Asker: 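Here it is: the structure, laid out below.
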Amino acid sequence: MKPQLLSLLRQALDQVLAGTGVAAPDTIAVDATKDSRHGDFATNLALTLAKALGKPPRKVAEELVRALPPSPVVSKVEIAGPGFINFFLAPTAFQALVAEILDRGVEFGRNNAGAGRKAMVEFVSANPTGPLHVGHGRGAAVGDCLARLLQATGWEVCREFYYNDAGAQIGNLAISVQARCRGVEPGQHGWPEDGYRGEYIKDVAKSYLAGEKVHADDREVTAAADPDNLDAIREFAVAYLRREQDLDLKAFAVHFDVYYLESSLYREGKVEQTVQDLVKSGHTFEQDGALWLRTTGFGDDKDRVMRKSEGGYTYFLPDVAYHVNKWQRGFTRVINEQGADHHSTITRVRAGLQALGIGIPQGWPEYVLHQMVTVMRGGEEVKISKRAGSYVTLRDLIDEVGRDATRYFLVARKSDSQLVFDIDLARSQTNDNPVYYIQYAHARVASVMRQLAERGMEWDLAAGKAALEKLTDASELALIAQLARYPELVADAAEQLEPHQVAQYLRELAAAFHGFYNTQQVLVEDAGLRNARLALALATQQVLRNGLDLLGVSAPEKM
RNA sequence: GCCCCGGUAGCUCAGUGGAUAGAGCGACCGCCUCCUAAGCGGUAGGUCACAGGUUCGAUUCCUGUUCGGGGCGCCA
């Protein structure tokens, strides 16, 4: 409906501006009104043009309204307040949408903005040194939802998980497991200084000593069971913890297409190649025995060491090498979903990529950072520390509040906001979770369909579409107006990389449906009206299902 | 000292360059002989952190202040 109004306004605008020498604005704001007395949509176009035209806003509005071509979609146009133009839409414009939704089904709301281009979403990317915690859960929920939004808008999406299986952290993991193999407890003599103290390390050791075989999504290892073989322990521990993470992610219904190993960047010479290319670029210098990159030339506040004086590389080199590889794989669009504590890497990675001068655009890759998740339990904050072992894992959360609710909670807030996850609240108020409110709306439609069959009535699609003009109640038109917002909402959420918009929208849509359901009886005697209302209910169910699917939340038939 | 994010109802959080600022939870009052009451309707509750600026108009944009969180290493 909005595109039609925009087109009408463009035509009117051309006519009004003709001969004035004033250029038409690039965008025209047409927004759904908050107050129904202001019509269905409103534009402030006249207010924004008044100055350039040297006329009072209301005068400009009058000229625009006079120039508007007639349209079957618009039933009334009013000029209000300082110069707003309010559009009242014809009920048929709303009613026709119900048929469109039923025709398009799962396709309704999708668009082809991505035109089949390749995009990568890298997310979670946790090192295999412990189970996934709530912060990873937020990353998983947001990242997966971003991927789904991009897919819904025509992108070909690769979900990628990057991790380190060979660095210092992994070495620390190995000696921690080894200590546990030997029966050493944290704090005792022989416990490694920065060892991982969590109980799960004991489980890894037990499994290793038992000679178990573990199978993760990207690797399989049989334990050597020898406590003196540190290499074997390392390999086993990585596989074991990767498998644990896979189980967490599976429970969360998140899958990855590619697992990318930091170690492969070294093994395949990509890190060395990147160093050479950076040196060749002329943006490096030697100082104090180390090799530096002049990142200050690319917006950083200080230059960064690439190769330490002792010869090893700093962490950001493999990061740059990794992103060169992403670029070379043809991902002209890459979105990295990370915790906000990594924000300082953004400038450095981009600086490294710019220094290489290989045609990578300045703002590439894109980043979506999520703020910290604070976990409350028993009215107290639970500190998340792998080393201390006090821990709220993603799986705990899924077990306690369910996958759907966990996903919804973690994605329903702007990534920029810190998130307080109160476990007791989420547990005790399971029935009051917003996700159930949305799912219930979906299940209610399914229930109506069951009742329909029980009463020996039939649903007739053609009759429903033919009788849509019977949908005239305020609750019906309000519901359709919500449904009408969906395609634009998907486009906006995808464009702005904001999954929470979908979560918010679905709650509003569910509210509109519950309002309709309480006001109007669907299964009435009048077959025409019944089919029209069934059409509306089914269209709502379709949009709820489409939207819930974007969040990775299930749409139950029965609750 | 510098960088990033936030400060909106008792709590958790949406939202917006415009016309009376919203939801959920919590509180209070109503609604099932009727398609699942996991629902609906209503009441109470706000100087949109503070101060300047831009604007016809700012809670929204800019600057400063302040409070809270995170980050600033030849750690990753």
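Because the structure is a prediction, the values reported are computed rather than measured. Naming convention: chains lettered A, B, ... in sequence-line order (proteins, then strands); numbering from 1 in each chain.
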Asker: As a quick check of understanding, evaluate side chain to side chain donor-acceptor pair (under 3.5 Å) for A:Ser475 and A:Asp473, giving each step before the final call.
Answerer: CA-CA 5 Å; A:Ser475 70; A:Asp473 183 73; 2.5 Å; yes
Asker: A:Arg455 and A:Gln451: side chain to side chain donor-acceptor pair (under 3.5 Å), yes or no, with the steps?
Answerer: CA-CA 6 Å; A:Arg455 298 184 191 183; A:Gln451 275 293 319; 3.3 Å; yes
Asker: Work out how far the C1' atom of B:rG46 is from that of B:rC4, and round it to whole angstrom.
Answerer: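 One C1' to the other, the span is 29 Å.
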Asker: Assign A:Phe316 to base, sugar-phosphate, or nothing according to its heavy-atom contacts below 4.0 angstrom with the strands shown.
Answerer: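 The residue A:Phe316 makes no contact with any strand.
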Asker: Test for a donor-acceptor pair under 3.5 Å between the base of B:rC74 and the side chain of A:Ser309, counting only N and O atoms.
Answerer: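 Donor-acceptor pair under 3.5 Å: yes.
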Asker: State whether the number of non-hydrogen atoms from other residues, nucleotides or ligands found under 6.0 Å of A:Glu458 atom CD is greater than 12.
Answerer: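 Incorrect, the count does not exceed 12.
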Asker: Does A:Phe421 form a ring pair (Phe, Tyr, Trp, His ring centres under 6.0 Å) with A:Phe409? I'd like the steps, not just the answer.
Answerer: CA-CA 8 Å; A:Phe421 204 119; A:Phe409 265 108; 5.6 Å; yes
Asker: For a quick check of understanding: with a heavy-atom distance under 4.0 Å over all strands, which category does A:Glu498 fall into, base, sugar-phosphate or nothing?
Answerer: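 No contact at all - A:Glu498 keeps every heavy atom at 4.0 Å or more from the nucleic acid.
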Asker: When you look at CD of A:Gln371, are more than 12 heavy atoms from neighbouring residues, nucleotides or ligands closer to it than 6.0 Å?
Answerer: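 More than 12 within 6.0 Å, yes.
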Asker: Taking only side-chain nitrogens and oxygens of A:His370, does any of them come within less than 4.0 Å of OP1 or OP2 of B:rG70?
Answerer: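 For A:His370, the contact criterion (side-chain N or O under 4.0 Å from OP1 or OP2 of B:rG70) is not met.
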Asker: Using a 4.0 Å heavy-atom cut-off across all strands, classify A:Gln504 as base, sugar-phosphate, or nothing.
Answerer: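 Answer is sugar-phosphate: A:Gln504 comes under 4.0 Å of backbone atoms only.
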Asker: Quickly work out the A:Asp492 CG to B:rG15 P distance and round it to whole Å.
Answerer: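 Taking atom P of B:rG15 as the reference, CG of A:Asp492 is at 12 Å.
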Asker: Need one value for A:Ala443: base, sugar-phosphate or nothing, where a base atom within 4.0 Å counts as base even if backbone is also close, heavy atoms only.
Answerer: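 Base, at least one base atom sits under 4.0 Å.
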Asker: How far does the C1' atom of B:rG45 sit from the matching atom of B:rC50, given to the nearest Å?
Answerer: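 About 23 Å, rounded to a whole number of Å.
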Asker: Taking 4.0 Å as the cut-off, does a side-chain nitrogen or oxygen of A:Lys302 come that near to OP1 or OP2 on B:rC72?
Answerer: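 Indeed not, no polar side-chain atom of A:Lys302 lies that close.
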Asker: In whole Å, what is the span from the CG atom of A:Asp31 to the P atom of B:rG15?
Answerer: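 Result: 15 Å.
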Asker: Taking any heavy-atom pair under 4.0 Å as a contact, classify A:Leu47: base, sugar-phosphate, or nothing.
Answerer: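 Answer is base: heavy atoms of A:Leu47 come under 4.0 Å of a base.
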Asker: Strictly by modelled atom types, are A:Arg348 and A:Tyr315 linked by a side-chain donor-acceptor pair under 3.5 Å?
Answerer: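 Looking only at side-chain atoms, A:Tyr315 and A:Arg348 do form a donor-acceptor pair, the distance falling under 3.5 Å.
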Asker: Looking only at atom C1', what distance separates B:rA51 and B:rC13, rounded to whole Å?
Answerer: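 Here B:rA51 and B:rC13 have their C1' atoms 27 Å from each other.
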Asker: Does A:Tyr440 put a side-chain nitrogen or oxygen below 4.0 Å from OP1 or OP2 of B:rA37?
Answerer: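 Yes, A:Tyr440 has a side-chain N/O under 4.0 Å of OP1/OP2 on B:rA37.
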Asker: Name the nucleic acid region contacted by A:Asn164, choosing base, sugar-phosphate or nothing; use a 4.0 angstrom heavy-atom cut-off, strictly under.
Answerer: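 Sugar-phosphate, backbone atoms only, no base.
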Asker: Have a look at A:Asn86 and say if it touches a base, only the backbone sugar-phosphate, or nothing, with a 4.0 Å heavy-atom cut-off.
Answerer: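 Touches a base.
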Asker: Under 4.0 Å: is that the gap between some side-chain N or O of A:Arg507 and OP1 or OP2 of B:rC13?
Answerer: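 A:Arg507 to B:rC13 OP1/OP2: no side-chain N or O under 4.0 Å.
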Asker: Between A:Glu557 and A:Arg304, who's closer to the 5' end of RNA chain B by nearest nucleotide?
Answerer: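 The answer here is A:Glu557.
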Asker: If you assign each of A:Ala290 and A:Asp301 to its closest nucleotide in RNA chain B, which residue comes earlier from the 5' end?
Answerer: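 The residue closer to the strand's 5' end, by nearest nucleotide, is A:Asp301.
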Asker: Do A:Asp194 and A:Arg197 meet the salt-bridge criterion of a basic N to acidic O distance under 4.0 Å?
Answerer: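 Salt bridge absent between A:Arg197 and A:Asp194.
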Asker: Write down the distance separating the C1' atoms in B:rA38 and B:rG57, rounded off to the nearest Å.
Answerer: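 Each nucleotide's C1' atom is 44 Å from the other's.
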Asker: Which string of ( ) [ ] | and . matches RNA chain B, if you list each base 5' to 3' and count Watson-Crick or G-U pairs only when both distances are under 3.5 Å?
Answerer: (((((((..((((....[...)))).(((((.......))))).....(((((..]....))))))))))))....
Asker: Check this for me: does any side-chain nitrogen of one of A:Lys326 and A:Glu160 sit under 4.0 Å from a carboxylate oxygen of the other?
Answerer: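 No, no charged N to carboxylate O under 4.0 Å.
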Asker: Using the C1' atom as the reference point in each nucleotide, state the distance between B:rG30 and B:rA37 in Å, no decimals.
Answerer: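 Roughly 13 Å separates the two C1' atoms.
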Asker: Do A:Asn44 and B:rA19 share a donor-acceptor pair, side chain to base, under 3.5 Å?
Answerer: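 No such pair is found, so the answer is no.
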Asker: Need the glycosidic conformation of B:rC34: syn if within 90° of 0, anti if not. Which one?
Answerer: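 Anti, angle beyond 90° from zero.
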Asker: When the P atoms of B:rC48 and B:rG7 are compared, how many Å lie between them, rounded to an integer?
Answerer: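 Comparing P positions in B:rG7 and B:rC48 gives a spacing of 14 Å.
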Asker: Salt bridge or not between A:Lys59 and A:Glu63? Use side-chain N to carboxylate O under 4.0 Å.
Answerer: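 Answer for the salt bridge query: yes.
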Asker: Let me know the distance between CZ of A:Phe516 and P of B:rC40, rounded to the nearest Å.
Answerer: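 My rounded result for the distance is 14 Å.
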Asker: Which part of the nucleic acid does A:Ala42 contact within heavy-atom distance under 4.0 Å: base, sugar-phosphate only, or nothing?
Answerer: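 Touches a base.
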Asker: Measure CZ/A:Phe513 against P/B:rA38 and give the value in whole Å, please.
Answerer: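 Computing the A:Phe513:CZ to B:rA38:P distance gives 14 Å.
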Asker: With C1' as the reference atom in both, quote the distance from B:rA44 to B:rC28 in angstrom, rounded to an integer.
Answerer: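 Between the two C1' atoms, the distance is 7 Å.
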Asker: Take atom OH of A:Tyr313 and atom P of B:rC75, then tell me their distance rounded to the nearest Å.
Answerer: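 Atom-to-atom, A:Tyr313 to B:rC75, this comes out as 15 Å.
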Asker: If you look at every strand shown and take non-hydrogen atoms under 4.0 Å, does A:Val522 touch a base, only sugar-phosphate, or nothing?
Answerer: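 Base, at least one base heavy atom under 4.0 Å.
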Asker: Report yes if the ring of A:His342 lies under 5.5 Å from the six-membered base ring of B:rG71 with planes under 30°, and no otherwise.
Answerer: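 Given the distance and angle limits, no, they do not stack.
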Asker: Tell me, yes or no, whether the heavy-atom count around A:Gln362 atom CD, taken from other residues, nucleotides or ligands under 6.0 Å, exceeds 12.
Answerer: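 No, the 6.0 Å shell around CD holds no more than 12 heavy atoms from other groups.
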Asker: Looking at every strand, decide which applies to A:Arg307 at a 4.0 Å heavy-atom threshold: base, sugar-phosphate, or nothing.
Answerer: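 The answer is nothing, as A:Arg307 stays clear of every strand by at least 4.0 Å.
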Asker: At less than 4.0 Å, is any side-chain N or O atom of A:Lys308 found next to OP1 or OP2 of B:rA76? Yes or no.
Answerer: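 So the side-chain polar atoms of A:Lys308 do come within 4.0 Å of the phosphate oxygens OP1 or OP2 of B:rA76, strictly under.
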Asker: List every contact pair, protein side and nucleotides 4-6 of chain B side both N or O, where the distance is under 3.5 Å.
Answerer:
residue	atom	partner	partner atom	Å
B:rC4	O4'	A:His343	NE2	3.3
B:rC5	O4'	A:Gln371	NE2	3.3
B:rC5	O2'	A:Asp416	O	2.2

Asker: Under 4.0 Å, heavy atoms only, any strand: does A:Glu286 hit a base, just the sugar-phosphate, or nothing?
Answerer: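 Result for A:Glu286 = nothing.
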Asker: Apply side chain to side chain donor-acceptor pair (under 3.5 Å) to residues A:His323 and A:Asn336 and explain how you reach the verdict.
Answerer: CA-CA 10 Å; A:His323 282 88; A:Asn336 293 331; 2.9 Å; yes
Asker: Compare the minimum distances between each of B:rA38, B:rG39, B:rG71 and the side chain of A:Ser344, then state the nucleotide with the smallest one.
Answerer: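 The closest nucleotide is B:rG71.
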Asker: For the pair made of CD in A:Gln501 and C1' in B:rA23, what is the distance, rounded to whole Å?
Answerer: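 Computing the A:Gln501:CD to B:rA23:C1' distance gives 15 Å.
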Asker: How long is the line joining CG of A:Asp526 and P of B:rC35, in whole Å?
Answerer: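 Spelled out: CG on A:Asp526 to P on B:rC35 is 20 Å.
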Asker: Is the positively charged end of A:Arg444 above the ring of A:Phe513, judged by distance under 6.0 angstrom from the centroid and angle within 45° of the axis?
Answerer: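 Not satisfied by the 6.0 Å and 45° rule.
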Asker: Describe the nucleic acid contact of A:Ala80 in one word from base, sugar-phosphate, nothing, applying a heavy-atom distance below 4.0 Å.
Answerer: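 Base contact.
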Asker: Please give the distance between the P atoms of B:rG6 and B:rC61 as a whole number of Å.
Answerer: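 Approximately 9 Å lies between the P atom of B:rG6 and that of B:rC61.
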Asker: Quick one: pull up OH in A:Tyr367 and CD1 in A:Ile346 and give me the separation to the nearest 0.5 Å.
Answerer: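 So the OH of A:Tyr367 and the CD1 of A:Ile346 are separated by 6.0 Å.
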Asker: Starting at atom CD of A:Glu508, determine the distance to atom C1' of B:rG39, rounded to an integer number of angstrom.
Answerer: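 For the pair A:Glu508 CD and B:rG39 C1', the rounded distance is 18 Å.
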Asker: Using a strict cut-off of less than 4.0 Å between a Lys/Arg side-chain nitrogen and an Asp/Glu carboxylate oxygen, indicate whether A:Arg304 and A:Asp300 qualify as a salt bridge.
Answerer: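 Salt bridge present between A:Arg304 and A:Asp300.
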Asker: Given B:rA19, B:rA76, B:rU12, which nucleotide is nearest the side-chain atoms of A:Thr314?
Answerer: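 Ranking B:rA19, B:rA76, B:rU12 by closest atom to the A:Thr314 side chain puts B:rA76 first.
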